[in-house]
Structure formats: C-alpha cells, structure tokens
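Just below is one structure, and these are the notes that go with it.
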There are 2 protein chains.
Amino acid sequence: MSLAHAVLTSLLEKPSSGYELARRFDRSIGYFWRATHQQIYRELARMEASGWLASSVPADAGRTRKREYCVLAAGRRELAQWAAQPAALPDLRDEFMVKLRADAVLAEVDLRPELQRHLALHREKLAQYQAIEARDFPTGRTLSRHAQIQHMILKKGILYEQGSLAWTQDMLELLARLAPPGTEREHQ
Amino acid sequence: MSLAHAVLTSLLEKPSSGYELARRFDRSIGYFWRATHQQIYRELARMEASGWLASSVPADAGRTRKREYCVLAAGRRELAQWAAQPAALPDLRDEFMVKLRADAVLAEVDLRPELQRHLALHREKLAQYQAIEARDFPTGRTLSRHAQIQHMILKKGILYEQGSLAWTQDMLELLARLAPPGTEREHQ
DNA sequence: TGCTCCATGTAACACGTTACATGATTGC
DNA sequence: GCAATCATGTAACGTGTTACATGGAGCA
C-alpha cells in the first residue's frame, strides 16, 4: 500500500488539499508513483478514518468544499514503520517490450514510427528532469540532507531516461538494418 | 490489456498449457510483464471465449486436466492490431523511491541495510541476464531477426540493472556521508 | 452568458494479489 | 507411503482506470 504512504510523505512536506496533492503528484513523487485524483480522494478518506490524518476547512476555502489535510502522530508513526520494511524490487512492466516481442514473432508491424515517438518523449522527459535539477539542486552549493536525498531520487529518473534514450536509438538502428526503407513487407 | 497480448505472443512462439505459460512468464516475457498463474488462467478462459484461442487435450495429458492452447487467426489479427497501436511510456512505480522520500522528511530510518540488500539483488539479476545473454545470443554468430529483437529486449533489462546498480552504490555512499557509522540517530 | 480552472466526489469496471482447494503424476 | 511437482481452478479483496456528476470562482 504505497499510495497512502506517498500521500503521507507529501502531506508531511506540506499540508494540502486533495486537489493540490493530485497536482503535486504529477511532479515530484509522480515520477515514481503516479495517481489520479480519484485514487487520492479515496485514500485521504480512508486515512482520515484510520486516524492518520486530520482535515480542516482552510482560511481560503470561501464557499467551496476545499479541505486541508494534516498528518497526525499516528500517521507519522505508520509512515516510519512502513519505510523501515523491506521493499521488493519494482518490476519493469513495459508494454512496448511486449509489442516488440509480438513483432518478433509476427514480423508484420513496423514499430519504427512508435520508436521515433518514444525517442522524442524520452528526450522531453530528460530535458524536464534536467531543468528541475538545474533549478533545485545547483552545483557548488551545499545542500541539506533532505535536498541531497531528493536529488538522488531525481537522478534515478534521469539515469533511467538516459538509458531508455540510448536503448531506443540502438533499437531504431537495428530495425533500420532489418527492414531498410524500401524493403517494407506489410503482412509478410 | 497487455497481459492477454503477452499470452498471445507466448502462445504463438509455442502452444502450451496454462501452467507452462505461467512458468515461462517467470523468465523471458516476465522481465517486463509479470503474471501469476491465476491471472493467466483467467485470461486464457476469456480469450477462448473471445475466439482468439482454441484449446485441446494434449497427447500427454493422461488422466490430468491439462489443456493446450493454440492461437487462432482472430487472435493473431488482434495481436497485430494491438501491436500497431501507440503505447504509453511505462511509469516507474518504485516503492523504494517513496520510502527514500519518506526518510528525507522523517530522518529517523536507516535505509542502508535495505540498500545493501537491493545491491545484492541487482547484482544477482544482472548476472542472470548476462548468463542468458551468453547462452542465447553468442557474439560473432549471425542471429535471426527474431533473435536479434529478443536480444535487444534482454539488453534493455541489462541496461536497467546496470543503472540501478550504479545508482544504489551512489546512494549508499551518500547515506554513509550523511550518517557515518557511530552517528546513528534513531528517532531523531 | 459561457469558458476555464478549482475542488470534490460516485459508480462501475479492469486488473492484480493472496489465500485456499483439488487431484494426478513422479521419484524416493 | 510421502513429498514434491504438475495442473487447474474459486473466492475475496485491494488497487488502478474511466466515465460521469456537481458546484463555486474568476474572467471576458
């Protein structure tokens, strides 16, 4: 149950509304744990029922339904307890690898356009990550413990994108060698 | 719905029983798409109902309930159609990154033993992948189109493990600097 | 007035996980 | 005879996805 704990972490950094959380998930934590707003609202309700969170109507709520969540001591204990448990290595569920394998047996789909698209997406993501790195973790300055750890998390993302980029280029070259332009053989 | 298509691919390579499929998933395709036997049986039943597969009692069934599945033309069409659709980039759902981030705010858990454990696991996986590489994709020999694509899929796994290994070592070094032995501060 | 964004939710469904159950075959 | 492995399944539950619904606030 990682989502709950990701939310706890995010709320410890800054008490927020569900909506704000959902948007923050699209950045920081979202690189490694994505969640829709529906998931987050469901989780917040559960966690409040478990006594991990308290909610209040914030000053800027006006007449809206906005609620702000704050981590209670029990939530903090739960998070520490969970963080100390061993974690399984993540499995790489990559849909495209399944498609590649399908193409390996079928030999009737041209996956090069898709690889080109992925190349662009990886480049974009990498540029985004590196922009965040330059902005939040400047070289030469001494960073806090918190910042140094966050930096390493970002670096993991950067490393993955760099690897994916290189691999995608190699894969494109291989497909170009296997089916050079003009040798198209749709439907075998 | 990738599982169904992963199963189709695997069955095209070799008609099999659900049990055999489940075990093959722990190797080849399993690097990028893991599935339990329950998932596979459920999927096989659905796919047979959809007319994508035909099942028969194999010669070596004896008195057992063993059934062998074979892809029908409709299944093959479905797979080709699906493979041609654009695929979203996978999201890296890495539970340990959430734990790291939790530790960044809490500063009361020592994640070094867990990192050491991950280090060993990554090394083990990498060694496994490289053993498969040496066995199935010998250098110097000309490989078939099918084999070359399969090799690239394996290489993606190898690349990921190498990156993870390097990152885990860096992370360990950082934590050693932040909390050198003897400076333990459990519960802040 | 109508558009976009903020903000929260319900409902249904797809997918994945865990626990449990059953029975045949193989090898000691 | 017993254990391990082969082989298939049911049931319950947890998590993730998609579609839809509601209403306030700010702005042109």
Side-chain angles (χ1 to χ4, degrees), chain A residues 1-8 11 15-26 29-30 32-50 53 55-69 82 87-95 98, chain B residues 1-8 10-11 15-26 29-30 32-50 53 55-69 82 85 87-95 98:
Chain A
M1 215 214 271
S2 291
L3 177 56
H5 300 92
V7 169
L8 281 173
L11 285 178
S16 318
S17 68
Y19 188 83
E20 280 163 10
L21 271 173
R23 285 198 321 161
R24 263 197 291 151
F25 258 71
D26 287 345
I29 280 190
F32 293 101
W33 210 273
R34 197 161 285 285
T36 62
H37 76 272
Q38 290 84 347
Q39 269 177 284
I40 287 171
Y41 286 125
R42 180 158 66 184
E43 218 49 61
L44 284 171
R46 277 183 207 166
M47 292 165 81
E48 193 175 8
S50 304
L53 303 178
S55 74
S56 57
V57 176
D60 65 336
R63 237 172 291 171
T64 68
R65 286 198 284 175
K66 187 174 183 178
R67 303 193 62 74
E68 194 163 81
Y69 291 87
W82 173 82
L89 294 190
D91 39 330
L92 277 330
R93 342 194 98 229
D94 192 336
E95 188 180 315
V98 181
Chain B
M1 215 214 272
S2 291
L3 177 57
H5 300 92
V7 168
L8 281 173
S10 207
L11 284 179
S16 319
S17 68
Y19 188 84
E20 280 164 10
L21 271 173
R23 285 198 322 162
R24 262 196 291 150
F25 259 71
D26 287 345
I29 281 189
F32 293 102
W33 210 275
R34 197 159 285 285
T36 61
H37 75 273
Q38 291 84 347
Q39 268 178 284
I40 288 171
Y41 286 126
R42 180 157 67 185
E43 217 49 61
L44 285 171
R46 278 183 206 164
M47 293 165 84
E48 193 175 9
S50 304
L53 302 179
S55 73
S56 57
V57 176
D60 64 336
R63 238 171 291 169
T64 67
R65 287 198 282 176
K66 187 174 181 177
R67 302 192 63 72
E68 195 163 81
Y69 291 88
W82 172 82
Q85 300 299 122
L89 294 190
D91 39 330
L92 278 330
R93 342 193 98 232
D94 191 337
E95 189 182 314
V98 181

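Both backbone and side-chain heavy atoms feed into the values below; hydrogens, waters and symmetry mates do not. Below, chains carry the letters A, B, ... as their sequence lines are ordered, and counting in each starts from 1.
Taking atom OH on A:Tyr41 and atom P on D:dC20, their separation rounds to 19 Å, with Å as the unit. Taking atom CG on A:Leu21 and atom P on C:dG9, their separation rounds to 13 Å, with Å as the unit. Between the CZ atom of B:Arg46 and the P atom of D:dT10 there is a distance of 12 Å, given to the nearest Å. Going from atom NZ of A:Lys66 over to atom P of C:dG9 covers 14 Å, rounded to whole Å.
Not one side-chain nitrogen or oxygen of A:Tyr19 sits closer than 4.0 Å to the OP1 or OP2 atom of C:dT8. When the side-chain nitrogen and oxygen atoms of A:Gln39 are compared with OP1 and OP2 of D:dT17, one or more of them lie within a distance under 4.0 Å. Between A:Arg93 and the phosphate of C:dG16, there is a side-chain N or O to OP1/OP2 separation shorter than 4.0 Å.
For the 3.5 Å distance criterion, the side chains of B:Ser56 and B:Arg67 fail to qualify, holding no donor opposite an acceptor.
Within the nucleic acid shown, A:Arg63 comes within 4.0 Å of sugar-phosphate atoms alone, with no base atom in reach, counting heavy atoms only.
A donor-acceptor contact under 3.5 Å is formed by the side chain of B:Arg42 with the base of C:dG16.
Relative to the side chain of A:Thr36, the nucleotides D:dG16, D:dT8, D:dT18 differ in distance, and D:dT18 lies closest. In this structure, the nucleotide among D:dT22, C:dA19, C:dA11 sitting nearest to the side chain of A:Arg65 is D:dT22. Among the nucleotides C:dA11, D:dT15, D:dA7, the one closest to the side chain of B:Ser17 is D:dA7. Between C:dA24, C:dG9, D:dA25, one nucleotide has an atom nearer to the side chain of B:Thr64 than all others, and that is C:dA24.
Side-chain atoms of B:Ser10 do not come within 3.5 Å of backbone N or O of B:Ala6 as any donor-acceptor pair.
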